[in-house]
Protein chains: 2
Amino acid sequence: MVKRTSFEGDSCPIARSLEAIGDWWSLLIIREALFGLRRFGEFQGKLGMAKNILATRLRALVDHGILKIAPASDGSAYSEYVLTPKGRGVFTVLVALRQWSEEFDDHPEEIATILVDRDKGRPVRKLELRAEDGRLLSVGETTLKARPAARARRRAG
Amino acid sequence: MVKRTSFEGDSCPIARSLEAIGDWWSLLIIREALFGLRRFGEFQGKLGMAKNILATRLRALVDHGILKIAPASDGSAYSEYVLTPKGRGVFTVLVALRQWSEEFDDHPEEIATILVDRDKGRPVRKLELRAEDGRLLSVGETTLKARPAARARRRAG
DNA sequence: CAATCAGGTTTCATTATGCAACCACTGGAG
DNA sequence: CTCCAGTGGTTGCATAATGAAACCTGATTG
């Protein structure tokens with residue numbers, strides 16, 4: 001078997017995320033969906049991708065519970081793809097990617113848009129990682145710990 | 001040309017990020033690098049990936065300025081791959097992916113580790129998007145605006 | 001009910017991925 | 001210096017994923 005390694009059973013949450021949204025198009029589709037797109041044709045037109053690929057991706061995203069198929073909205077017999085809460089949860093990931101690009105891209109002048117607070121029209125803050133007590137944390141100030149066994153399926157406590 | 005679409009010139013910062021780190025292995029390599037790995041063999045052993053793929057990815061990451069090749073560290077004639085600031089900047093993206101998994105994964109009990117504050121050993125907070133004035137923002141409370149032309153290379157201040 | 005459109009599927013060529021075998025250079029033992 | 005294992009790759013080949021374009025089907029329009 002020379003399959004494209006899957007991380008489905010992997011214990012690393014990052015790998016698990018990548019399993020679902022770790023490919024080129026999926027994140028862009030979700031971006032557009034957050035932006036309000038819903039129809040197959042809208043995605044296809046906006047992203048300019050091949051229809052077969054789009055179809056495959058949409059199906060995968062639905063399977064992963066990131067999109068769900070909703071029946072109507074404009075009364076036609078066609079259906080639409082709408083984000084589930086899980087799908088909307090990807091927003092933070094997209095913001096992180098955006099901000100990384102804004103901060104480190106070699107040609108930031110080519111970036112066309114900025115993310116702003118809708119009310120004030122002002123740019124949003126950078127995402128920050130904080131400790132429980134509010135302290136700002138850098139990479140080096142964090143570490144990984146084994147998950148506390150969760151005492152699943154209780155066996156002698 | 002039936003190439004694997006590139007987003008190099010794309011004006012969307014998310015697409016631009018994906019161009020650099022939007023594939024399966026790159027993010028995992030960066031994760032390991034943040035964790036302290038530096039040598040080819042370490043990456044290969046830890047990630048269990050094919051050596052040719054690893055070699056390709058490392059080269060791409062170096063080209064993108066995410067890793068750089070450093071000469072020694074233990075005195076041997078071999079070289080090492082170390083993260084640049086740009087590479088360390090990916091940390092936030094990885095945290096976002098991790099937290100997404102923690103929140104929405106269908107089998108969270110399979111996640112083996114948690115990210116903690118090194119000092120206190122307590123879990124970190126969730127990443128939050130805030131407005132300039134500190135208000136917490138959800139997707140719907142944000143919007144995209146055209147970048148203000150930047151008046152680059154100072155022309156009348 | 002003919003024409004057209006939305007939403008796909010099929011086909012086929014091109015790339016990328018993955019395993020395994022191979023190769024060059026290091027570093028150490030003798 | 002020589003041999004040999006270990007490190008850090010490259011090369012070949014098989015398989016899977018991508019992508020463009022043609023094709024098909026049911027819905028909408030006229």
Side-chain angles (χ1 to χ4, degrees), chain A residues 1-10 15 18-29 32-33 36-64 67-82, chain B residues 1-10 15 18-29 32-33 36-64 67-82:
Chain A
M1 186 164 68
V2 202
K3 285 195 65 165
R4 216 191 133 155
T5 13
S6 157
F7 295 114
E8 232 185 310
D10 201 292
L18 293 177
E19 179 71 25
I21 55 176
D23 82 277
W24 284 61
W25 293 114
S26 298
L27 281 168
L28 295 178
I29 291 170
E32 296 303 333
L37 301 199
R38 294 158 157 260
R39 300 280 286 256
F40 187 97
E42 291 180 322
F43 289 112
Q44 210 254 315
K46 194 79 193 299
L47 292 171
M49 64 194 293
K51 300 204 289 179
N52 51 351
I53 309 289
L54 177 56
T56 306
R57 287 289 171 279
L58 288 174
R59 212 175 306 136
L61 290 170
V62 169
D63 286 350
H64 277 102
L67 292 175
K68 67 171 184 295
I69 297 183
S73 143
D74 68 340
S76 77
Y78 297 114
S79 53
E80 299 183 337
Y81 297 90
V82 304
Chain B
M1 184 164 70
V2 203
K3 285 193 66 166
R4 222 198 127 146
T5 4
S6 158
F7 295 113
E8 234 184 308
D10 200 293
L18 293 177
E19 178 71 24
I21 55 176
D23 83 275
W24 285 59
W25 292 114
S26 298
L27 281 168
L28 295 177
I29 292 171
E32 296 305 333
L37 301 200
R38 294 157 157 260
R39 299 282 285 257
F40 187 98
E42 291 179 322
F43 289 111
Q44 210 255 316
K46 195 79 193 298
L47 293 171
M49 64 193 293
K51 300 203 289 179
N52 52 350
I53 309 288
L54 178 57
T56 307
R57 288 288 172 281
L58 288 173
R59 213 174 307 136
L61 289 170
V62 169
D63 286 350
H64 277 103
L67 293 175
K68 67 172 187 292
I69 297 183
S73 139
D74 67 340
S76 76
Y78 297 112
S79 52
E80 298 182 337
Y81 297 89
V82 304

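The chains referred to below are lettered A, B, ... by the order of the sequence lines, with proteins before strands, and numbering in each begins at 1.
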Quiz item: With a 4.5 Å heavy-atom cut-off, do B:Arg57 and B:Asp23 have their side chains touching?
Solution: yes
Would a 4.5 Å heavy-atom cut-off, applied to side chains only, mark B:Ile69 and B:Leu58 as touching?
no
Is the distance from OP1 or OP2 of [N] to the nearest side-chain N or O of [X] less than 4.0 Å?
X: B:Trp25; N: C:dG18; value: yes
X: B:Arg39; N: D:dG8; value: yes
X: A:Tyr81; N: C:dA6; value: no
X: A:Arg59; N: C:dG8; value: no

What residues 45-54 of chain B contributes to the DNA chain C interface at heavy-atom separation below 4.0 Å is B:Ala50, B:Asn52, B:Ile53
Report the distance from atom [atom1] of [X] to atom [atom2] of [N], rounded to the nearest whole Å.
X: B:Gln44; N: C:dC19; atom1: CD; atom2: P; value: 10 Å
X: A:Glu80; N: C:dA6; atom1: CD; atom2: P; value: 14 Å
X: A:Phe43; N: C:dG8; atom1: CZ; atom2: C1'; value: 15 Å
X: B:Leu58; N: D:dT7; atom1: CG; atom2: C1'; value: 14 Å
X: B:Leu28; N: C:dT17; atom1: CG; atom2: P; value: 13 Å
X: A:Glu42; N: C:dG7; atom1: CD; atom2: P; value: 8 Å

When every non-hydrogen atom of A:Leu67 is compared with those of A:Ala33, the smallest separation belongs to CD2-CB, 4.4 Å
For B:Leu61 and B:Ala20, the nearest pair of non-hydrogen atoms, with its separation, is CD2-O, 4.3 Å
Once base and sugar-phosphate atoms are separated, protein heavy atoms under 4.0 Å mark nucleotides 24-30 of chain C, 5' to 3', with B, S and - as --BS---
Side chains of residues 38-49 of chain A: which donor-acceptor partners sit under 3.5 Å, not counting sequence neighbours?
| from | atom 1 | to | atom 2 | distance (Å) |
| --- | --- | --- | --- | --- |
| A:Arg38 | NH1 | A:Glu80 | OE1 | 2.7 |
| A:Glu42 | OE1 | A:Arg38 | N | 2.8 |
| A:Glu42 | OE1 | A:Arg39 | N | 2.9 |
| A:Gln44 | NE2 | A:Met49 | O | 2.9 |
| A:Lys46 | NZ | A:Glu32 | OE1 | 3.4 |

| Would A:Ile29 and A:Leu37 satisfy side chain to side chain contact (heavy atoms under 4.5 Å, CB included), going step by step from the backbone distance to the final call? | CA-CA 9 Å; A:Ile29 291 170; A:Leu37 301 199; over 6 Å; no
